[in-house]
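Just so we're on the same page: letters track the sequence lines, and every chain starts at 1. Atom set for the values below is all heavy atoms of this structure, side chains included, hydrogens, waters and symmetry mates excluded.
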Amino acid sequence: MTVRRAPAYPPPVPAPHAPARLAALRRRLLAWWDAGHRPLPWRQPQRGADPYRVWLAEVMLQQTQVVTATPYWLRFVERWPTLEALAAARDEDVLAAWSGLGYYARCRNLLAAAREALRRHGGLPSGYDALRALPGFGPYTAGAVASIAFAAPVPAVDGNVTRVLSRLFLVEGDPAARAARARVAALAAALVDRERPGDLNQALMELGATVCRPSPDCARCPVAARCAARAAGRAAELPPPRRRPDKVRLVLACAVVVREGRVALVRRPAGGLFAGLAAFPAAEVGPGAEAGAALEREARERHGLRLRAGEELGRVERVLTHRLLELRALRCSLARPPPEEGIRWIPADELDGAGLPAAMRALAGVVCDVLGQAPPPSGGARDRGRARARANSLAPPRDFV
DNA sequence: AAGACGGGGTA
DNA sequence: TACCCAGTCTT
C-alpha cells in the first residue's frame with residue numbers, strides 16, 4: 001500500500017541475483033547485527049536517532065578508524081550538542097577541535113553544511129538528494145545518514161561494504177575502476193532492506209570492520225556459506241589492493257618567532273595542505289633551496305612579516321598519504337614590527353591547544369624542549385630524540401623588536 | 001581516471 | 001614497510 005519513489009541513487013541497474021538469495025542474505029546479516037555489535041557512542045539511541053550525531057560520526061569516520069575518531073566525536077557532541085550549536089560556532093574553534101584528525105576539508109564542509117542545512121531546510125534534510133547537495137555529502141555519507149538516521153531505503157557503500165560485496169559476489173577488478181564500482185553499487189542497491197535499511201547497511205559495514213577484514217576471519221562470518229570468494233578459496237585476495245602513487249618529499253621551513261614568551265601563529269591559506277588551520281608561518285623549501293631565505297620571503301609576501309631566519313631548532317618527519325613531510329623549525333627574529341592583523345601570539349605552553357596540525361604540534365614539542373620551555377602535554381615525544389639542540393641556544397629566547 | 005587531502009591503526 | 005580506514009572534491 002505504500003507508494004515508493006525509486007531511490008535516486010544509484011542509477012537503476014538490473015541485479016542478476018535471485019531475490020530469494022538476497023532475502024536470505026539480508027535475514028542473516030540482520031540477525032547477526034541484532035545478536036550483538038560494537039556499542040559505539042553514536043549508536044546509543046538516547047531519545048531516538050539523532051541525525052546530527054549520526055552525521056557527525058559519519059564525517060569523522062571518513063578514511064578514519066573508529067578508535068581514532070571516537071574521542072573527537074565525544075568532545076564535539078559535548079561542546080556542540082546540536083546542529084544549531086555547531087552552526088553558531090566560530091570557524092576557528094571548530095577547526096581547532098578538529099586539529100589532529102586530518103583531512104581538514106571535512107571540517108570546513110561540516111560547518112558549511114550545518115549552516116546551509118539550517119538556512120534552507122531548518123535542520124538536516126531527510127532525503128538522499130537533499131543531503132547529497134550539501135557540502136561534504138558524497139554518495140556514501142548521504143546514503144549513510146539517509147538510511148541510518150531517516151530510514152530511507154538507500155545503500156551506503158564505503159570501503160568495508162566494497163570489500164564485503166566484492167567477496168560475497170566475487171567481483172573482480174580494481175574497485176576504483178568504473179566497472180567494479182558500478183557492479184558493487186548495483187549489488188548494494190539490490191541488497192537494500194526496505195524495512196531496516198540503516199541496520200542492514202550498518203551490518204555490512206560492521207562485518208567488514210570486524211570479520212571480513214583485509215585478512216578475513218571466515219570462521220566467524222554469518223554468510224560464509226554464501227560467499228562466492230570463499231567458495232573459490234580467494235576471499236583474502238579480493239578486492240585487489242589499490243595501487244598508490246609514490247610519496248613525494250615535501251620540506252617545510254617553519255618560523256619560530258618568540259616575543260615575550262609568545263609564539264607567532266598564522267592561518268594557513270584556504271586551499272592545499274592544512275587549509276585554514278592555525279600554523280607556524282611556513283615556506284616550502286625546494287631541492288637545493290635555502291630554508292631561511294625561503295621562509296623570509298614567504299613570511300614577508302604572505303603575512304607581511306619581516307623576519308631574520310636563524311638557526312634550526314629541530315625537525316620532524318611525518319608520512320602522509322601521498323607525501324613525506326619534513327618540518328624544520330627555524331628560530332627567527334623580527335626585523336621589523338609585526339603587522340597587527342593576521343598574527344596570533346600564543347604563549348609557548350599553550351601551543352598544544354592552539355589548533356595546529358598534528359605534525360606541527362609535534363614540532364612544537366621539539367622546539368619547546370630545545371628552548372627549555374614547558375613542553376606540551378602530548379605530541380612529539382617520539383621526535384624529541386631527533387631534536388638538534390645547540391649548546392648555546394638553550395637560553396630563553398631574546399627576540400624582540 | 002587520477003591526484004590532493006592527514007593521521008594513525010595493524011600485520 | 002605496506003595497506004587500510006564508515007570518502008569527497010577537483011582536475
Side-chain angles (χ1 to χ4, degrees), chain A residues 37-38 40 42-43 54-73 95 98-110 112-113 131-145 147-149 155-164 173-181 188 198 201-210 212-217 236-237 239-248 250 268-277 279 316-325 327 356-362 379 382:
Chain A
H37 49 259
R38 296 171 296 172
L40 306 178
W42 46 90
R43 288 176 177 166
V54 170
W55 170 42
L56 183 62
E58 293 304 338
V59 174
M60 287 186 168
L61 289 165
Q62 289 167 14
Q63 295 295 287
T64 306
Q65 298 191 194
V66 166
V67 62
T68 304
T70 298
Y72 285 84
W73 187 90
L95 220 31
W98 195 278
S99 96
L101 196 50
Y103 281 161
Y104 300 98
R106 294 184 293 174
C107 185
R108 288 184 284 110
N109 287 333
L110 181 80
L131 289 168
R132 181 72 179 81
L134 294 169
F137 278 86
Y140 166 73
T141 305
V145 172
S147 63
I148 296 171
V157 179
D158 70 340
N160 287 315
V161 175
T162 297
R163 185 170 54 253
V164 169
D174 180 358
R178 180 183 302 282
R181 269 212 324 269
N201 288 345
Q202 290 186 90
L204 284 168
M205 291 189 264
E206 184 85 353
L207 189 65
T210 63
C212 194
R213 315 204 19 184
S215 177
D217 185 2
E237 59 188 74
R242 185 180 156 182
R243 46 173 272 279
R244 288 174 170 76
D246 293 340
K247 297 186 190 314
V248 178
L250 173 66
R268 294 280 299 173
L273 195 66
F274 306 137
L277 261 70
V316 154
E317 282 190 7
R318 282 291 181 276
V319 181
L320 308 184
T321 298
H322 59 292
R323 12 182 58 142
L324 234 62
L325 179 63
L327 262 33
L356 296 169
M360 284 197 184
R361 202 179 332 177
R382 164 167 32 137

Next on the checklist: Can you see if the side chain of A/R244 gets near the phosphate of C/dC4 - specifically, an N or O under 4.0 Å from OP1 or OP2?
Outcome noted: yes

Checklist entry - With sequence neighbours left out, what residues match A/T70 under side chain to side chain donor-acceptor pair (under 3.5 Å)? => result none

Next on the checklist: Regarding A/R163, tell me which of base, sugar-phosphate or nothing describes its non-hydrogen contacts under 4.0 Å with the strands shown.
Outcome noted: sugar-phosphate

N/O contacts under 3.5 Å, protein versus nucleotides 9-11 of chain C?
| from | atom 1 | to | atom 2 | distance (Å) |
| --- | --- | --- | --- | --- |
| C/dC9 | OP1 | A/G136 | N | 2.6 |

Next on the checklist: Using the side-chain contact (heavy atoms from CB on, under 4.5 Å) criterion, which residues pair with A/T162? Sequence neighbours excluded.
Outcome noted: A/V157, A/S166, A/P175, A/V184

Checklist entry - Looking for any heavy atom pair under 4.0 Å, which part of the strands does A/A144 touch: base, sugar-phosphate only, or nothing? => result nothing

Checklist outcome for this item: Closest of B/dA1, C/dG7, B/dG6 to the A/R181 side chain is B/dA1

Checklist outcome for this item: With sequence neighbours left out, the residues meeting side-chain contact (heavy atoms from CB on, under 4.5 Å) with A/A57 are A/W42, A/L61, A/W73

Checklist outcome for this item: The salt bridge (charged side-chain N to carboxylate O under 4.0 Å, His left out) partners of A/R38 (sequence neighbours excluded) come to A/E206

Item to check | Euclidean distance, atom CZ of residue A/R268 to atom P of B/dC5 [Å, nearest integer] | outcome: 10 Å

Next on the checklist: The side chain of A/P241 is closest to which nucleotide in this list: C/dC3, B/dG6, C/dA6?
Outcome noted: C/dC3

Item to check | Between P of B/dG6 and CG of A/L250, the distance in whole Å | outcome: 12 Å

Checklist entry - A/R106 side chain: which of C/dC4, B/dG6, C/dT8 is closest? => result B/dG6

Checklist entry - Given C/dT8, C/dA6, B/dG7, which nucleotide is nearest the side-chain atoms of A/A359? => result B/dG7

Checklist entry - DNA chain B: A/R323 or A/A176, which has the more 5' nearest nucleotide? => result A/A176

Checklist entry - Which residues pass the salt bridge (charged side-chain N to carboxylate O under 4.0 Å, His left out) test with A/D217, sequence neighbours left out? => result A/R220

Next on the checklist: Side chain of A/L273, heavy atoms from C-beta onward: which of C/dA6, B/dG6, C/dT8 has the nearest atom to it?
Outcome noted: B/dG6

Checklist entry - Under 4.0 angstrom, heavy atoms only, what part of the nucleic acid is A/L40 near: base, sugar-phosphate, or nothing? => result base

Next on the checklist: Distance check, P atoms only: B/dG6 and C/dT10, in whole angstrom units.
Outcome noted: 14 Å

Next on the checklist: Base, sugar-phosphate or nothing for A/G272? Non-hydrogen atoms, less than 4.0 Å.
Outcome noted: sugar-phosphate

Item to check | Spacing of the P atoms in C/dA6 and B/dC5 (rounded, Å) | outcome: 23 Å

Item to check | Atom pair distance, as rounded to whole Å: OH in A/Y103 and C1' in C/dA6 | outcome: 14 Å

Item to check | Contact nearer the 5' end of DNA chain B, comparing A/R213 with A/H322 | outcome: A/H322

Item to check | Donor-acceptor pair under 3.5 Å, A/R38 side chain vs C/dA6 base | outcome: yes

Next on the checklist: Taking any heavy-atom pair under 4.0 Å as a contact, classify A/T141: base, sugar-phosphate, or nothing.
Outcome noted: sugar-phosphate

